[in-house]
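Note that the coordinates shown come from a computational prediction; the quantities given were computed from them, not determined experimentally. Any value given below was found using the heavy atoms of this structure, including those in side chains, with hydrogens, waters and symmetry copies removed. Labels below follow one simple rule: chain letters A, B, ... track the order of the sequence lines, proteins then strands, and each chain is numbered from 1.
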Protein chains: 2
Amino acid sequence: MKDVATRAGVGLKTVSRVVNGEPGVTAETERRVREAIAALGFRRNDSARVLRKGRTSSVGLVLEDLADPFYAPLSRAVEEVARHHGALLINGSSAEDPERERELALALCARRVDGLVVIPAGADHRYLEPELAAGVATVFVDRPPGLISADTVLSDHAGGAREGVAHLIAHGHRRIGFVGDQPHIHTATERLRGYRAAMDAAALPVHDGWISLGPTAPERVRGEVRRMLSGPSPVTALFAGNNRVTATAVRVLSERGLSTAVALVGFDDLELADLLSPAVTVIAQDPARLGRTAAELLFQRLDGSAAAPRRVELPTRLIPRGSGELPPASD
Amino acid sequence: MKDVATRAGVGLKTVSRVVNGEPGVTAETERRVREAIAALGFRRNDSARVLRKGRTSSVGLVLEDLADPFYAPLSRAVEEVARHHGALLINGSSAEDPERERELALALCARRVDGLVVIPAGADHRYLEPELAAGVATVFVDRPPGLISADTVLSDHAGGAREGVAHLIAHGHRRIGFVGDQPHIHTATERLRGYRAAMDAAALPVHDGWISLGPTAPERVRGEVRRMLSGPSPVTALFAGNNRVTATAVRVLSERGLSTAVALVGFDDLELADLLSPAVTVIAQDPARLGRTAAELLFQRLDGSAAAPRRVELPTRLIPRGSGELPPASD
DNA sequence: GCCACTGTTGACAACGTTGTCCAGGCCCTA
DNA sequence: TAGGGCCTGGACAACGTTGTCAACAGTGGC
C-alpha cells in the first residue's frame, strides 16, 4: 500500500480510503490511486486489516467428516449463510476424535474467527470457556455441547427413532434389532432411547442381543446384522442408527436374497434410496436446514444478541418407501 | 500477551518465547508464564503472527459445490494433506458461477492463503496473474485453467468416456445417447469428445439427436432421456456425463419398467450404485486421489519447488456392474 | 480584507506479534 | 581475581492496515 501511495503521489491514508470506498476523495485523486493499484497488482492484506479492526469476517465449522453425505449439505448451508453475511467459512474435520476437535476449534479461535459452529465429537467443551468469555459466538449442531451452555440446534433423534420403530411395530414386527454408532456419541444413545421408548410403548420385550452400539465400520455392522438374523430368536426387522449402517444393512440383506425378507428402517436419508428394491424407508433429517438454522443463530449472536442460550429442535420425517412396510416373515 | 508478561513479571519477548516453544527460558520462568497464560485465558492472535511472519499456514479451496458427492471427498483429501502440513483449509463454493469463483479466489488471496486449489468454473483465470506473481502457489483440479499456465491435476475424461462408450459398443450397441453438462464446462466437452472418439473408432454414425449438453437439472435430463428413447431411431444405450445425470437417468429408466431394458454407463461413481437393479456400470474417478495429488503438488510448491507447471492426468476405472452389459433391445 | 466554514489530504499511533540486538549475570579458566 | 564465553531476558522496531486528528486550500459572507 505504501508503494501504491508513492506511485500515485498521495498519502497512505488516501489509498486506504480509496480501497475501502470511503468518501472524501476527489475523482481525480481516486483515478490516480486506482491506476497505481492496477499497475502494481496491489491487493489489500486482510491479516493487517483484521489486526486493526478486530473482526475477521470469517466463521469456523468443526464437523466430523466433510465427505459424509450427511454433513456435506450442512456445511454448504452454513457457507451459504456466511456468504450472505459477507463472511468466509473455514472448516475442518474432527474425524470423530475429541482431541482433534479441540485442536481444530482452538486453532480457529487463534485465527480469530468471529464465530464457531461445532458438531461435537467430544463430551467436554469446557476448553471453549475462555473463548466464549472472549466473545467468540458459538453454536453446536447435531449434538449438544458437554458441560457448558451454548446455542444448540438438534434434530429430534429420539423422537425420530421412536417413530421409525413404531412404524415397524405397526406393520406387525415384534422382534426388532437396533444397530447404532458408538455409545459415547450422543445421537447414537438418543436414537437408542427412541427405540426403547417405542418398544416399551408397545409393551414388547427387548433382548440384549438385539441391540448393538459400536463403530460403524462395515465389517462390524455386517457381523452384527448377521448375528441378529440368525440367533435363537432372530429379528424380523432392523432399525439402522445412521446412513452408514443403513448402507451396510442393505448390502447384507440383499446378499441374503429375498427369500426371508427383513424389514428395514434407517436413520438419515440416502441418495438413491428410492431406487433400491425394496426402496429404503428412512427417518430423514434435513441437514441443510440444520446448518442454516445454526448459522442464522450464529449471526444473530454476532449482530449482538445476548439472549440466553437457545436450544432448537428440528423435527424428523418418516419417508415410507417399502423396506419399512414389509410384514414380518411368517413364524 | 502484554498482560501475560505483566502478570508473570517478565518481558514481552519471553512470553513469546514460551508460547512458541523457543529455547532460552528457565524452567521456573516458563512455569510463571504458563501460569499467567492459564489464568488470563490467553490465546495467541494468529492474525498478528501472520502479519509479522508472512505465512498463514492456510490454503484455500474453491470448488463447485461442497455438497456434491464428487467434491466432498476431494475437499476432505485436500484438508487431510493440509493438516499433515500444519495448515488449515478455507473453502468456498463457486456454484459453477465464474464471477463467484473469481470473488472467492481473490478473497482468499486477500487473506493471504499460502496456496490455492481451484476447481475452475470459469474459462479465464488471468485475474490470478498478479497473485501468482506475488507467490501464491496455485493448483487447478478436475478442469484446466484458462489462459494462464499452472499446475493441473485432471482425470482422463475423454479416455474414460471413450472406454465407457466402447464398452457399450462391445456389448452390441450401435445407437448410443450422450447426456452431459453444459458445453462451457471443460469436463463435459472432454467426455463428449471421448464419446465421439469411441463411435468413430467403431465407424458408427452419430445422430445429432443422440447428443445433449446442458444444465443437469433433473427436469431437463429427464426430458432429453425420454426423447432419445422415443424418436424415430431410439437409442438402445445411454452414456451419462456425470453423477447427477446418471441418477436421473436411472430414475427414468426404472419408471419405464424392465420391458425394454436400456443399457447405461455413467461417468462418476454413485453411492449404492452396486445395489440398484441392474447395478450401475460406471466410469469411476478417484476424487480423493485427485484432491490428494493436487494438495501434494501445492505443498511441493510451497516447499520451494520452482519447476515448470506440471500436468498430471489420473486414469479412470471402468466398473462393470450390470447396467452397462445389457444387450441392445432386439430390433 | 478577514474570518469562519467546508472539504480534501496526510502524519502518526495503534493493533499483537516476532526478529534483532544488546545488557547483565553467571560460571569457568588462567 | 580478571577476563572470556554462555545463558537468560528485555527493549525496540517492524509487519500493513485503519482511526484520529490536524493542516491546508478554497469558498462565501460580512
Side-chain angles (χ1 to χ4, degrees), chain A residues 1-34 36-37 40-58 106-114 130-131 134-136, chain B residues 1-37 40-58 86 106-114 130-131 134-136:
Chain A
M1 190 177 261
K2 200 162 45 179
D3 298 341
V4 175
T6 311
R7 179 167 178 131
V10 301
L12 213 50
K13 179 65 209 197
T14 302
V15 178
S16 171
R17 270 191 272 258
V18 171
V19 169
N20 292 292
E22 290 171 36
V25 180
T26 331
E28 162 59 14
T29 310
E30 176 169 349
R31 196 193 50 74
R32 282 218 315 282
V33 172
R34 292 210 178 280
I37 287 179
L40 296 173
F42 165 82
R43 188 101 47 213
R44 179 177 65 196
N45 183 328
D46 273 355
S47 299
R49 178 165 219 257
V50 159
L51 180 58
R52 193 65 176 77
K53 306 206 85 155
R55 275 244 176 165
T56 57
S57 294
S58 62
L106 292 181
L108 291 169
C109 289
R111 304 231 160 186
R112 293 296 187 271
V113 292
D114 296 336
E131 315 301 335
V136 180
Chain B
M1 191 175 259
K2 199 163 46 180
D3 298 341
V4 174
T6 311
R7 177 164 179 134
V10 301
L12 212 51
K13 179 64 209 198
T14 303
V15 178
S16 172
R17 269 192 272 257
V18 171
V19 170
N20 293 291
E22 290 171 33
V25 181
T26 331
E28 162 59 15
T29 310
E30 176 169 348
R31 196 191 51 75
R32 284 217 316 281
V33 172
R34 291 213 178 278
E35 204 171 86
I37 288 178
L40 296 172
F42 164 82
R43 188 100 47 213
R44 179 177 66 195
N45 184 327
D46 272 357
S47 300
R49 178 164 219 258
V50 159
L51 179 57
R52 193 64 176 78
K53 306 205 83 153
R55 275 246 175 159
T56 57
S57 295
S58 61
L106 292 181
L108 291 169
C109 289
R111 299 218 168 202
R112 294 297 189 270
V113 291
D114 297 335
E131 315 300 335
V136 180

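- The CG-P distance, from Leu51(B) to dT17(D), rounds to 9 Å in whole Å.
- Side-chain nitrogen and oxygen atoms of Asn45(B) include none within less than 4.0 Å of the OP1 or OP2 phosphate oxygen of dC15(C).
- Between the CG atom of Leu12(A) and the C1' atom of dC15(D) there is a distance of 13 Å, rounded to whole Å.
- If you take CE of Met1(A) and C1' of dT9(C), they are 15 Å apart, rounded to a whole angstrom.
- dG16(C) atom P lies 16 Å from atom CD1 of Ile37(B), rounded to whole Å.
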Check nucleotides 19-22 of chain C against the protein and report each pair of N or O atoms closer than 3.5 Å, with its distance, or say if there are none.
from	atom 1	to	atom 2	distance (Å)
dG19(C)	OP1	Lys53(B)	NZ	3.3
dG19(C)	O4'	Arg52(B)	NH2	3.4
dG19(C)	N7	Lys13(B)	NZ	2.9

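- Applying the side-chain hydrogen bond (donor to acceptor under 3.5 Å, both in side chains) rule to Arg43(A) yields the partners Glu131(B); only residues at least two apart in sequence or on another chain are considered.
- In this structure, Thr14(A) has no side-chain hydrogen bond (donor to acceptor under 3.5 Å, both in side chains) partners at least two apart in sequence or on a different chain.
- What separates CZ of Arg49(A) from P of dG16(C) is a distance of 17 Å, to the nearest Å.
- Asn20(A) comes within 4.0 angstrom of the backbone, heavy atoms only, and of no base.
- What separates CG of Asp3(B) from C1' of dG16(C) is a distance of 11 Å, to the nearest Å.
- Each end of the helix from dG1(C)-dC30(D) to dA30(C)-dT1(D) gets its own axis from five base pairs, and the two axes differ in direction by 60°, given to 10 degrees.
- Rounded to whole Å, atom P of dC15(C) lies 21 Å from atom CZ of Arg43(B).
- The distance between atom NZ of Lys2(B) and atom P of dG10(D), rounded to the nearest whole Å, is 16 Å.
- A side-chain N or O of Asn20(A) and one of Arg44(A) form a donor-acceptor pair less than 3.5 Å apart.
- If you check residues 24-31 of chain B against DNA chain D, the residues with a heavy atom closer than 4.0 Å are Gly24(B), Val25(B), Thr26(B), Thr29(B), listed by number.
- Taking for each of Gly9(B) and Phe42(A) the nucleotide of DNA chain D with the nearest heavy atom, the 5'-most of the two is the partner of Gly9(B).
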For residues 24-31 of chain B, please give each side-chain donor-acceptor pair under 3.5 Å, one per line with the distance, not counting sequence neighbours.
from	atom 1	to	atom 2	distance (Å)
Glu28(B)	OE1	Arg31(B)	NE	3.4
Glu28(B)	OE1	Arg31(B)	NH2	3.4
Glu28(B)	OE2	Arg31(B)	NH2	3.2
Glu30(B)	OE2	Arg34(B)	NE	3.1
Glu30(B)	OE2	Arg34(B)	NH2	3.2
Arg31(B)	NH1	Glu35(B)	OE2	3.0

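- Scanning for salt bridge (Lys or Arg N to Asp or Glu O under 4.0 Å) contacts around Arg49(A) gives an empty result, with sequence neighbours left out.
- For dT17(D), the OP1/OP2 oxygens have no side-chain nitrogen or oxygen of Ser16(A) closer than 4.0 Å.
- Applying the side-chain hydrogen bond (donor to acceptor under 3.5 Å, both in side chains) test to Arg112(B) and every residue at least two apart in sequence or in another chain returns nothing.
- For residues 2-15 of chain A, no residue pair satisfies the salt bridge (charged side-chain N to carboxylate O under 4.0 Å, His left out) rule, not counting sequence neighbours.
- Taking Arg17(B) as the reference, nothing meets the salt bridge (Lys or Arg N to Asp or Glu O under 4.0 Å) condition, with sequence neighbours excluded.
- Although no hydrogens or angles enter the test, the distance criterion places a donor-acceptor pair under 3.5 Å between the side chain of Asp114(B) and the main chain of Thr56(B).
- Using a 4.5 Å cut-off on side-chain heavy atoms (C-beta onward), Arg32(B) and Val10(B) make contact.
- Applying the side chain to side chain contact (heavy atoms under 4.5 Å, CB included) test to Val113(A) and every residue at least two apart in sequence or in another chain returns Ser58(A), Ile90(A), Leu108(A), Leu116(A).
- Among the protein residues, Val10(B) comes within range of the sugar-phosphate backbone only, with heavy atoms under 4.0 Å from sugar or phosphate atoms but none that close to a base.
- Residues satisfying the side-chain hydrogen bond (donor to acceptor under 3.5 Å, both in side chains) criterion with Ser57(B), sequence neighbours excluded, are absent altogether.
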